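A short write-up of the structure that comes next.
Whatever order the structure lists them in is the order used to number ligands and atoms, beginning at 1. Being a predicted model, the structure only gives us computed values, none of them experimental.
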Amino acid sequence: MKFGNKLTILMLLLALASLLVVANSNEETIVMQKKLEKCEFPAIFNFGDSNSDTGGLSAAFGQAGPPHGETFFHSPAGRYCDGRLVIDFIAQSLRLPYLNAFLDAVGSNFSHGANFATAGSTIRPQNTTLHQSGFSPISLNVQFYEFNDFQRRSQIFRHKGDVFKELLPKGEYFSKALYTFDIGQNDLVAGYFLNKSTDEVKAYIPDILDQFTTVVKDIYNRGGRYFWIHNTGPVGCLPYVMDRLPIKAGQVDKVGCASPYNEVAQYFNKKLKEVVVHSRKKLAHAALTYVDVYSVKYDLISHATRFGFEHPLRACCGHGGKYNYNEKIGCGGKITVKGKQVLVGKSCKHPSSAINWDGVHYTEAANKWIFDRIVDGSYSDPLISLKMACHKL
Ligand SMILES: *[C@@H]1O[C@H](CO)[C@@H](O)[C@H](O)[C@H]1NC(C)=O
Ligand SMILES: *[C@@H]1O[C@H](CO)[C@@H](O)[C@H](O)[C@H]1NC(C)=O
Ligand SMILES: *[C@@H]1O[C@H](CO)[C@@H](O)[C@H](O)[C@H]1NC(C)=O
């Protein structure tokens with residue numbers, strides 16, 4: 001009994017001590033960040049895939065129809081989501097307007113940035129069409145061409161004055177802006193859809209990352225300085241991957257995700273981090289932040305109930321199968337029920353407690369949760385918050 005008490009006290013003391021250590025290191029980070037001035041990002045230029053597409057694919061290849069957008073925008077808003085994406089929460093927290101897609105020709109206001117991402121984008125150009133494979137022809141190199149053209153032409157038009165002055169960014173914004181990236185997931189999945197083995201997919205990762213690094217360097221050469229780079233998420237936990245790709249016995253982890261696909265994502269992330277670290281040395285005036293979104297998403301999926309979510313592996317909007325996902329007829333598609341055409345809509349009660357929206361993308365609630373975890377820098381390398389990401393540590 002006595003011994004038990006002493007042990008309890010000892011354990012309490014140990015727990016307290018470790019708490020103090022944690023508090024201390026957090027404090028140090030915070031103190032260190034306090035000495036630095038908060039960054040003033042006047043604009044965001046975003047590059048990526050559907051994780052951050054705010055209307056690009058919709059503008060060029062057809063709208064992401066209802067029920068996309070219904071939770072927040074109350075109508076389709078170019079996003080593959082019921083509401084906002086992580087990039088929307090990033091813009092909001094930097095007190096900037098939501099980003100318009102560069103390809104959105106009508107009603108766009110680019111005074112504080114532009115979004116070059118399109119759903120289905122890869123880093124490497126694919127040798128298949130959108131129709132054949134579902135991957136966007138607007139790969140990262142094309143997004144850079146668009147950016148380049150935007151930078152040049154926006155300044156020509158700004159100098160004409162009038163309304164252009166209100167719709168286009170100031171020239172100086174290009175060197176003060178935050179350049180955000182969330183791309184790579186589709187490069188991995190594309191290989192598997194072409195029946196490549198994990199070894200074959202791993203073998204082309206260096207090529208993907210070379211092309212990624214080239215674009216970062218090209219943007220740097222055009223004046224970009226601050227880079228915020230998301231790694232890729234646990235694709236093996238997404239219904240469309242688990243439904244469409246083979247999973248052998250013993251390849252499912254305790255959460256229910258397909259481990260080979262998650263392992264390749266982690267391998268990609270490890271290599272991505274290496275090239276980011278390497279680019280820091282090469283690009284002397286750049287601040288590059290690598291953000292481990294993978295860990296945040298995996299944590300959310302594996303402890304869904306603890307965080308107030310349910311059915312982490314089921315699509316909220318969809319129908320059929322183990323994951324409420326059907327490759328042929330997705331969210332917003334039409335099915336025939338008793339001779340009538342019916343919209344494939346929400347089948348979960350509350351998207352606010354769902355993680356997966358349509359089998360491929362996260363819900364607004366999940367995106368908000370993810371954003372809240374990454375904004376303070378605790379998943380960043382270096383450990384730096386979003387609003388401090390202009391500092392080179
Ligand atoms: C497309 O084909 C070219 C030429 O064979 C090859 O070099 C390139 O790696 C291919 N791209 C992809 C994404 O497979
Ligand atoms: C464009 O957006 C900026 C920032 O929100 C705003 O100040 C400006 O008035 C807008 N321009 C037009 C023409 O709507
Ligand atoms: C991949 O393999 C499946 C099953 O064998 C086959 O149906 C499909 O056509 C193959 N896809 C490609 C792109 O070769």
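When distances from atom 9 (O) of ligand 3 to the protein are checked, no heavy atom turns up under 4.0 Å. By the definition of a contact as any protein heavy atom under 4.0 Å away, atom 5 (O) of ligand 3 is not in contact. Distance check for atom 12 (C) of ligand 3: a protein heavy atom is found below 4.0 Å.
In this structure, cysteines C317 and C348 have SG atoms that are not closer than 2.5 angstrom.
Nearest heavy atom pair, residue K334 against residue I329, reads O-CG2, 3.6 Å.
The distance from ligand 1 to the heavy atoms of P125 drops below 4.0 Å at these ligand atoms: 11 (N), 13 (C). Close approach to S111 involves these atoms of ligand 2, each under 4.0 Å from a residue heavy atom: 1 (C), 2 (O), 3 (C), 4 (C). Of all atoms in ligand 2, listed by their number and element, those nearer than 4.0 Å to a heavy atom of H112 are 4 (C).
Close N/O approach between Q126 and ligand 1 is not found [any backbone or side-chain N/O within under 3.5 Å].
Geometrically, K271 does not engage F268 in a cation-pi contact defined by less than 6.0 Å to the ring centre and at most 45° from the axis.
A salt bridge between D218 and R222 is absent, with no side-chain N of the basic residue lying under 4.0 Å from a carboxylate O of the acidic one.
The protein atom (non-hydrogen) at minimum distance from atom 2 (O) of ligand 3 is N195 ND2, 2.4 Å. N127 ND2, 3.6 Å is the protein heavy atom nearest to atom 3 (C) of ligand 1. Among all protein heavy atoms, the one lying closest to atom 1 (C) of ligand 2 is N109 ND2, 1.4 Å.
Summarising the geometry, atom CD1 belonging to I384 is positioned 11.5 Å from atom CG belonging to L288; distances are rounded to the nearest 0.5 Å. Atom OG1 in T289 sits 9.5 Å away from atom NE2 in H230 (nearest 0.5 Å).
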**OP:** Carefully, step by step, assess F147 and Y179 under the rule ring-ring contact (aromatic ring centres under 6.0 Å, His included).
**Re:** CA-CA 11 Å; F147 165 75; Y179 290 81; 5.7 Å; yes
